[in-house]
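The structure appears right after this line, and notes come after that.
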2 protein chains.
Amino acid sequence: MPIGFEQHDHTTCIQTALTSAEAHCADEGLQLTKVRRRVLELLLLEHKALGAYDILSTLNTEGLGSQPPIVYRALDFLVANGFAHKIEKLNAYSACCHPGKSHAPVFMICRTCQAVVETQTEPLRNFLGTTAKAAGFLIERTVIEIEGSCPTCQKAETL
Amino acid sequence: MPIGFEQHDHTTCIQTALTSAEAHCADEGLQLTKVRRRVLELLLLEHKALGAYDILSTLNTEGLGSQPPIVYRALDFLVANGFAHKIEKLNAYSACCHPGKSHAPVFMICRTCQAVVETQTEPLRNFLGTTAKAAGFLIERTVIEIEGSCPTCQKAETL
DNA sequence: ATGTGTAATGTTATACTATAACATGTGGAA
DNA sequence: TTCCACATGTTATAGTATAACATTACACAT
Ligand SMILES: [Zn+2]
Ligand SMILES: [Zn+2]
Ligand SMILES: [Zn+2]
Ligand SMILES: [Zn+2]
């Protein structure tokens with residue numbers, strides 16, 4: 001699981017996520033159907049976010065469906081069960097890098113290469129919790145997205 | 001300026017924000033034109049987020065324009081100059097409650113009554129800065145949105 | 001094996017959000 | 001006056017997401 005933008009064995013990311021999803025579905029009696037599994041695989045291919053219609057066009061070439069509800073239902077399932085996240089800033093979706101753990105993910109989004117790295121910080125959760133409590137607000141979900149420039153693209157820009 | 005959901009003299013919110021916008025525009029040679037000013041006023045009416053097409057329909061009844069670019073241009077201006085923010089989670093727009101100050105706003109969004117409260121915390125900026133620096137990431141913009149239930153709606157739910 | 005209920009998928013249509021592209025007007029500076 | 005920068009008007013279209021209803025697949029009780 002990458003905690004940043006460094007190189008890593010991405011095959012492991014994919015395997016871990018799929019195994020975790022299978023296990024969780026088995027435990028909870030959820031069905032990781034063909035379409036749902038394929039969408040998760042597509043999201044896992046890279047640490048990028050994919051638009052619903054990008055995914056749909058791949059599904060279409062693979063004969064898994066051609067209409068928007070196909071992909072939105074699969075995405076709803078994956079997001080509802082913590083296997084993927086929606087990146088609000090991009091209207092796009094990204095596989096979860098910390099499956100199985102309850103978490104308030106933080107996304108770093110590179111404006112240039114579209115890389116999306118998911119990290120998670122306990123202090124941040126605590127801090128938002130404190131902020132919310134001070135206002136009497138009950139937290140249900142958090143969206144924390146940082147847009148900027150990843151290490152690779154920063155180097156490229158200074159050339 | 002509210003820092004939470006408590007009652008407050010909202011007339012002051014509106015006046016402060018408008019005055020601040022006028023001053024900033026005067027300083028920077030920006031034009032707070034009729035449409036732009038009106039959109040800002042609409043966003044200031046309540047601490048809620050308004051969709052672009054909601055705003056547009058009001059503009060339309062007032063003879064200020066009926067086509068989407070009218071409202072999106074005004075919103076772009078207001079957002080670019082820090083007079084308003086886009087709430088990504090809602091695809092909606094909200095007047096800035098801390099105009100004039102460079103800030104990384106935090107929004108608390110009530111899922112029930114759609115109230116949007118903007119707060120701002122220096123420690124949070126520091127946290128995110130630290131997280132980003134650890135990954136070599138250069139921050140350009142942040143989206144921090146908390147969805148949940150405001151004090152009023154919590155009380156209503158327990159009835 | 002047969003009905004029954006639930007979950008998933010198929011299909012059509014439509015709603016909602018946002019921008020591209022080009023024309024026109026407006027007001028100040030050269 | 002001419003030019004330029006900016007704002008607005010207008011038409012069209014792109015991009016994102018859901019409603020609604022029909023059909024299928026399958027587990028499970030009868
Ligand atoms: Zn995650
Ligand atoms: Zn990058
Ligand atoms: Zn603000
Ligand atoms: Zn509320």
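By convention in this document, chain letters (A, B, ...) are assigned in the order of the sequence lines, proteins followed by strands, and residues within each chain are numbered from 1. In this text, all values refer to a predicted model and were calculated from it rather than measured experimentally.
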Short N/O separations, protein against nucleotides 8-10 of chain C, under 3.5 angstrom:
residue	atom	partner	partner atom	Å
C:dA8	OP1	A:Arg36	NH1	3.0
C:dA8	OP1	A:Arg36	NH2	3.4
C:dA8	O5'	A:Arg36	NH2	3.4
C:dT9	OP1	A:Thr33	OG1	2.8
C:dG10	N7	A:Arg73	NH1	2.8
C:dG10	O6	A:Arg73	NH2	2.5

Restricting both atoms to N or O, compile the protein contacts to nucleotides 27-29 of chain D shorter than 3.5 Å, with distance only.
none

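A salt bridge links A:Lys89 and B:Glu88; the closest N-O separation between the charged side-chain nitrogens and carboxylate oxygens is under 4.0 Å. Under the 4.0 Å criterion applied to side-chain N and carboxylate O atoms, A:Arg141 and B:Glu147 are assigned as salt-bridge partners.
In this structure, B:His103 has its ring center closer than 6.0 angstrom to the ring center of B:His85.
Taking atom CG of A:Asp54 as the reference point, atom P of D:dA14 lies 16 Å away to the nearest angstrom. In this structure, A:Leu50 atom CG and D:dG15 atom P are separated by 16 Å, rounded to whole Å. Spacing between atom CG of A:Leu56 and atom C1' of D:dG15 amounts to 13 Å, rounded to whole angstrom units. For A:Asn91 and C:dA18, the CG to C1' distance is 10 Å, given to the nearest whole Å. The separation between B:Gln67 atom CD and D:dT13 atom C1' is 13 Å, rounded to whole Å. Rounded to whole Å, the distance from CG on B:Asp76 to P on C:dA20 is 10 Å.
If you take CD1 on B:Ile70 and CG on B:Leu59, they are separated by 8.0 Å, rounding to the nearest 0.5 Å. Interatomic distance, B:Ile146 CD1 to B:Thr119 OG1, rounded to the nearest 0.5 Å: 8.5 Å. Going from atom CG of A:Leu50 over to atom NZ of A:Lys48 covers 10.0 Å, rounded to the nearest 0.5 Å. One distance of note links CG of B:Leu44 with OG1 of B:Thr11; it measures 11.5 Å at 0.5 Å rounding.
Look at B:Tyr72 and you won't find any side-chain N or O under 4.0 angstrom from OP1 or OP2 of D:dT8.
Looking at which nucleotide of DNA chain D each of A:Gly51 and B:Gly29 is closest to, the 5′-most match is held by B:Gly29.
For a distance-only test at 3.5 Å, the side chain of B:Tyr53 qualifies as a donor-acceptor partner of the base of C:dA18.
Between A:His8 and A:His47, the ring planes are tilted. Angles from 30° to 60° get that label.
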Worksheet item: Going through the checks in order, is the side-chain contact (heavy atoms from CB on, under 4.5 Å) test met by B:Phe83 and B:Arg36?
Response: CA-CA 10 Å; B:Phe83 306 140; B:Arg36 291 169 176 177; over 6 Å; no

Practice prompt. Using the side-chain contact (heavy atoms from CB on, under 4.5 Å) rule, take B:Thr121 and A:Phe127 through it: C-alpha gap first, then chi angles, then the decisive distance, then the call.
Written response: CA-CA 10 Å; B:Thr121 74; A:Phe127 193 78; 3.3 Å; yes

Would you check, one step at a time, whether the test side-chain contact (heavy atoms from CB on, under 4.5 Å) holds for A:Leu43 with A:Leu75? CA-CA 10 Å; A:Leu43 291 177; A:Leu75 288 169; 4.1 Å; yes

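Interface residues of residues 78-90 of chain B facing DNA chain D, ordered by number: none; criterion, heavy-atom separation under 4.0 Å.
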